[in-house]
Novice: 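Pasting in a structure now, in structure tokens, and then I'll have a few things to ask.
Order of the sequence lines sets the chain letters (A, B, ...), proteins ahead of strands, with each chain counted from 1. All figures in this text were calculated on a predicted structure; none of them were measured in a lab.
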Protein chains: 2
Amino acid sequence: MAPRLNLSDIAKALGVSVATVSNALSGKGRVSEELARVIRAKAKELGYIPSLAGRALSTGRSQVLGLVLADIGHPLFPQFAQAIENAAAAAGYGVLIGDSRGEIDAQTRAINRLIERGADGIVVVPRHGTRIANIGHPIAVIDSPSTPGNTASADHWDGGAQIGAHLSALGHRSFAIIGLHSDSNVQNDRIGGIKAALPRQARVELLWIDELERKRGPGAELGLLRLIDKGVTAFAAVSDLHALRAVTELQRGGVSIPGDVSVTGFDDLIWAGVIAPTLTTMRMNMARIAELAIADLIRQIEGGRDSEDGVPHRPGGHAVPMELIIRQSSGPAPAAPAGKRPGGNPRRADNQANGSILEDTREGTDHKC
Amino acid sequence: MAPRLNLSDIAKALGVSVATVSNALSGKGRVSEELARVIRAKAKELGYIPSLAGRALSTGRSQVLGLVLADIGHPLFPQFAQAIENAAAAAGYGVLIGDSRGEIDAQTRAINRLIERGADGIVVVPRHGTRIANIGHPIAVIDSPSTPGNTASADHWDGGAQIGAHLSALGHRSFAIIGLHSDSNVQNDRIGGIKAALPRQARVELLWIDELERKRGPGAELGLLRLIDKGVTAFAAVSDLHALRAVTELQRGGVSIPGDVSVTGFDDLIWAGVIAPTLTTMRMNMARIAELAIADLIRQIEGGRDSEDGVPHRPGGHAVPMELIIRQSSGPAPAAPAGKRPGGNPRRADNQANGSILEDTREGTDHKC
DNA sequence: CATACTTGATTAAACGTTTAATCTGTGGTT
DNA sequence: AACCACAGATTAAACGTTTAATCAAGTATG
């Protein structure tokens with residue numbers, strides 16, 4: 001094992017002091033530009049890598065952030081992790097992951113564990129229905145603009161509005177909105193946005209999956225076919241996961257999408273561009289959200305004082321616009337509103353040859369294994 | 001900001017030396033049990049938290065592992081991350097994530113970045129078709145038993161065999177296997193296992209999605225209906241993602257699952273228990289795999305010598321059995337082998353009321369949002 | 001010309017832990 | 001009684017960096 005070289009090795013090699021080397025490399029103290037160049041060259045030549053441990057001990061900063069995703073089982077986790085890691089790396093920070101094991105209060109424990117581990121700050125994507133207690137440490141919350149204490153997040157309300165407008169423009173007038181549980185700010189924002197964008201005379205049915213499953217057991221049918229009988233022509237799910245569930249349930253019942261009804265989702269999860277029909281959905285700008293969250297976090301860590309920048313903390317945090325991804329699953333409302341369907345309606349069964357998917361802005365589906 | 005207390009605070013409070021406190025807390029040097037108890041009590045009373053930075057500098061160990069998932073977009077990422085984090089935490093290690101941005105050679109760079117950051121060891125789930133170069137650092141590879149250098153992984157071959165046996169037992173004789181690309185050891189193991197478990201007279205068609213998409217464009221139809229015409233009654237996909245694609249394509253074509261054909265996947269991804277029909281699939285024992293990988297890694301880190309334990313490094317690493325999850329999407333082969341279907345075959349359209357899903361061992365589907 | 005300021009460098013302390021080496025009694029052995 | 005071994009503690013050095021304080025010499029200022 002080659003003993004990693006340190007500042008004093010470089011100092012010795014050049015006959016200068018360690019402090020000078022440190023100053024030259026960090027550009028902080030007073031070093032002649034001439035000598036600084038020599039030192040930097042020598043450092044590169046020898047392949048010097050600073051010891052984070054030494055630096056951490058000296059400065060009291062670990063250059064590491066903690067990432068806590070409460071619902072770690074969420075399909076969006078990879079995107080979050082990647083975006084956060086990128087943004088953090090760009091700022092010179094590493095990312096330590098924390099697991100809350102899905103348990104409800106383990107979230108706080110996870111945060112504390114990360115702080116004990118020396119994380120300079122924490123990024124949290126909290127579990128629905130929980131509030132992040134104010135630790136005495138820098139923290140950034142990614143949740144929803146309507147959540148107090150939110151640092152940055154997608155503009156879920158606006159995302160919902162885009163979906164609502166899209167479906168309205170296609171002529172739909174009777175909607176079903178599919179959500180999971182009513183204590184999620186993210187979902188409520190999305191639903192609020194959808195509703196707000198629908199025309200006055202629209203009829204809206206609201207479906208909470210959690211509620212349904214409590215009654216009928218997990219994995220139960222959602223009973224979407226009955227809704228179609230009541231005239232619903234558009235199903236707006238609050239997540240692609242629920243949209244997927246809707247699509248398969250409908251297709252299994254012989255309903256054609258988007259011939260008979262339209263289905264939309266949220267989040268552009270990995271399979272959205274792969275299933276048949278491909279799914280119309282809303283995509284978050286993860287990279288931007290991560291950037292904003294990390295920037296805020298670093299400001300807290302390094303800024304020290306709060307009143308910096310003239311931006312103490314805006315109420316709802318930054319709201320990043322979402323992007324509408326139009327794919328095959330949404331189409332014009334059927335000319336004759338489906339209405340009562342007498343047993344087995346004649347439905348288009350083969351609209352799979354829809355031609356090329358020009359609307360799909362995703363650049364090469366990355367569904368690798 | 002309360003300046004975090006350190007060993008010398010405790011030492012001062014008790015009138016002993018720091019070394020004694022350190023020894024008492026770590027249980028290493030020579031301290032009377034009596035004094036040790038007093039010290040531990042005082043430490044707990046004051047809420048002492050050791051400084052990782054100080055320890056790291058002194059010992060040369062950061063107590064942090066790096067996790068590199070090449071295909072970070074993979075839906076399995078959350079499970080992996082969670083399992084690794086749990087196993088690492090149990091061993092007193094933190095987990096730093098590394099991102100290879102999906103780029104092909106960035107994998108090595110990601111590994112190096114983590115090592116530079118001070119990670120004591122690295123866990124890699126490599127990208128298909130890549131070999132992990134031997135860094136001079138402890139590393140654990142989670143890939144496939146057939147991969148040289150593999151540390152621990154699911155027994156993909158055996159998993160395939162279980163799927164093959166399951167479908168065979170259901171009476172199927174004509175199969176289509178759906179894979180993504182042929183340079184993945186994981187996929188090849190699974191496919192090999194499937195084939196090996198099929199009866200002698202079985203007919204097998206092999207489908208590579210990557211190849212198909214290169215010709216017909218991304219998101220193209222897989223042409224599964226034509227395969228049914230050729231007599232195929234069972235589609236075994238090498239990942240739930242592809243199984244999902246198959247299911248939607250088939251349902252869209254009016255094919256009943258599992259009435260007309262059976263479809264199986266791999267990995268038990270989050271939606272497998274949610275779509276209609278729920279998906280028969282193979283589940284990895286992530287927790288076990290992670291444990292083994294971490295254990296091996298820590299042995300490398302702390303063991304020092306290789307010839308420890310009498311287990312230098314077994315060729316294929318540990319192969320952890322997979323678990324067959326039988327759900328709705330697989331059923332008996334149709335009595336009359338579907339054979340040529342004249343235009344629109346009469347197919348069962350409503351088998352959704354399959355009753356309760358007794359075979360589903362998943363304990364409460366965690367498709368939260 | 002003495003003083004003050006500036007520049008470019010060095011010295012030394014500090015961060016908090018671990019650990020090898022050392023010291024000091026005490027009890028046992030010959 | 002002299003010696004040794006040993007348990008139980010302390011001292012001190014080391015890990016690698018940062019940074020405040022200091023110093024030496026050259027330059028400007030009165």
Novice: Do A/His128 and A/Asn185 have side chains that get closer than 4.5 Å, going by heavy atoms?
Specialist: no
Novice: Can you tell me which nucleotide in C/dA9, D/dA9, C/dT17 comes closest to the side chain of B/Arg55?
Specialist: C/dT17
Novice: Quick test of your reading of the model: are B/Glu33 and B/Arg40 salt-bridged, counting only N-O distances below 4.0 Å?
Specialist: yes
Novice: Closest to the A/Lys28 side chain: D/dT19, C/dT17, D/dG8?
Specialist: D/dT19
Novice: Is any side-chain heavy atom of B/Phe80 closer than 4.5 Å to a side-chain heavy atom of B/Ile142?
Specialist: yes
Novice: Looking at the side chain of B/Leu7, which of C/dT18, D/dT17, D/dG16 is the nearest nucleotide?
Specialist: C/dT18
Novice: Decide yes or no for B/Ile84 and B/Tyr93: does some side-chain heavy atom of the first lie under 4.5 Å from some side-chain heavy atom of the second?
Specialist: no
Novice: Do A/Asp143 and A/Val125 come within less than 4.5 Å of each other through their side chains, counting heavy atoms only?
Specialist: no
Novice: Tell me the interatomic distance from A/Arg4, atom CZ, to D/dG16, atom C1', rounded to whole angstroms.
Specialist: 10 Å
Novice: For the helix from C/dC1-D/dG30 to C/dT30-D/dA1, figure out the bend between the end axes, five pairs an end, and round to 10 degrees.
Specialist: 60°
Novice: Would you call A/Leu292 and A/Val320 a side-chain contact if the rule is heavy atoms closer than 4.5 Å?
Specialist: yes
Novice: Nearest whole angstrom, please: distance from the C1' of C/dA9 to the CG of A/Leu14.
Specialist: 14 Å
Novice: Would you indicate, yes or no, if D/dG16 has its OP1 or OP2 atom less than 4.0 angstrom from a side-chain nitrogen or oxygen of A/Tyr48?
Specialist: no
Novice: Grab the CG-P distance between B/Leu5 and C/dG16 for me, whole Å please.
Specialist: 10 Å
Novice: Counting only N and O atoms by type, is there a donor-acceptor contact under 3.5 Å from the side chain of B/Ser8 to the main-chain atoms of B/Ala11?
Specialist: no
Novice: Starting the side chain at C-beta, find the nucleotide from C/dG16, D/dA9, C/dA9 nearest to A/Ser32.
Specialist: C/dA9
Novice: For B/Leu57 and for B/Glu33, find the nucleotide of DNA chain D with the closest heavy atom, then tell me which residue's nucleotide is more 5'.
Specialist: B/Glu33
Novice: Quick one: A/Arg61 CZ to D/dT17 P, roughly how many Å, whole number?
Specialist: 18 Å
Novice: Over how many whole Å does the gap from A/Ile10 atom CD1 to D/dG16 atom P extend?
Specialist: 12 Å
Novice: Using the salt bridge (charged side-chain N to carboxylate O under 4.0 Å, His left out) criterion, which residues pair with B/Arg113? Sequence neighbours excluded.
Specialist: A/Glu85
Novice: Find every protein N or O atom lying less than 3.5 Å from an N or O atom of nucleotides 10-14 of chain C, and list the pairs.
Specialist:
unit_1, atom_1, unit_2, atom_2, d
C/dT10, OP1, A/Ser17, N, 3.3
C/dT10, OP2, A/Ser17, N, 3.1
C/dT10, OP2, A/Ser17, OG, 2.7
C/dT10, OP2, A/Thr20, OG1, 2.2

Novice: Would you mind telling me which residue lines up with the more 5' stretch of DNA chain D, B/Gly54 or B/Ala36, judged by nearest nucleotide?
Specialist: B/Ala36
Novice: Which listed nucleotide (D/dT17, D/dT18, C/dG16) is nearest to the side chain of A/Ser22?
Specialist: D/dT18
Novice: I need the CD-C1' distance between B/Glu34 and D/dG8, as an integer number of Å.
Specialist: 11 Å
Novice: Quick check: do B/Ile301 and B/Leu65 have side-chain heavy atoms less than 4.5 Å from each other?
Specialist: yes
